[in-house]
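Computed over heavy atoms, backbone and side chain alike; hydrogens, waters and symmetry mates excluded. Note that ligands are numbered from 1 as they come in the structure, with each ligand's atoms numbered from 1 the same way. We're numbering straight along the sequence, starting at 1.
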Amino acid sequence: MANIKRDDMVVIITGKDKGKRGTVSEVRPREHRVVVGGLNQMKRHIRPRQQAGAMQGGIVTFDAPMDISNVMLVCPHCSQPTRVAHQIQEDGKKVRACKNCGQAIVDKKPGAR
Ligand SMILES: [Zn+2]
């Protein structure tokens, strides 16, 4: 039931980034979590490490994983947040589809644009 995939546009529906949109950079199905680029950012304090040389101490901002149920897929066709329907195409392939406009949502494959 991977309704959300990498490179999908999603909107955050809860928490401090509610209403913001971003692109999924990572999906962790086992943890039921997603990482969305530039959103749900958290700060982590890092101590300087002498032995590492280049490592500097300070505060690092990173995109924290969040529960997959905190995001909703944004349809690339009607640009509305939507629930995902599943369609079976003529060639037998399963695709996701938008419940608002009914258009198929094709997975974006990096390198195959
Ligand atoms: Zn749509």
- Message: The test is side chain to side chain donor-acceptor pair (under 3.5 Å); show your working for Asn100 and Gln80 and say whether it passes.
- Response: CA-CA 8 Å; Asn100 290 332; Gln80 295 296 312; 5.3 Å; no
- Are the side chain of Asn40 and the backbone of Ala64 linked by a donor-acceptor contact shorter than 3.5 Å? yes
- Query: Looking at residues at least two apart in the chain, or sitting in another chain, which of them share a side-chain hydrogen bond (donor to acceptor under 3.5 Å, both in side chains) with Asn70?
  - Reply: none
- All side-chain hydrogen bond (donor to acceptor under 3.5 Å, both in side chains) counterparts of Arg28, not counting sequence neighbours: Glu26
- Note on the structure: Only one of Leu73, Val95, Asn3 passes side-chain contact (heavy atoms from CB on, under 4.5 Å) with Ile105, and that residue is Leu73
- Query: Other hydrophobic cluster members with Phe62, side-chain heavy atoms of Ile/Leu/Val/Met/Phe/Trp/Tyr under 4.5 Å, chained?
  - Reply: Met42
- Message: I'd like to verify the contacts: list protein N, O or S atoms under a distance of 2.8 Å from the Zn ion (ligand 1).
- Response: Cys75 SG, Cys78 SG, Cys98 SG, Cys101 SG
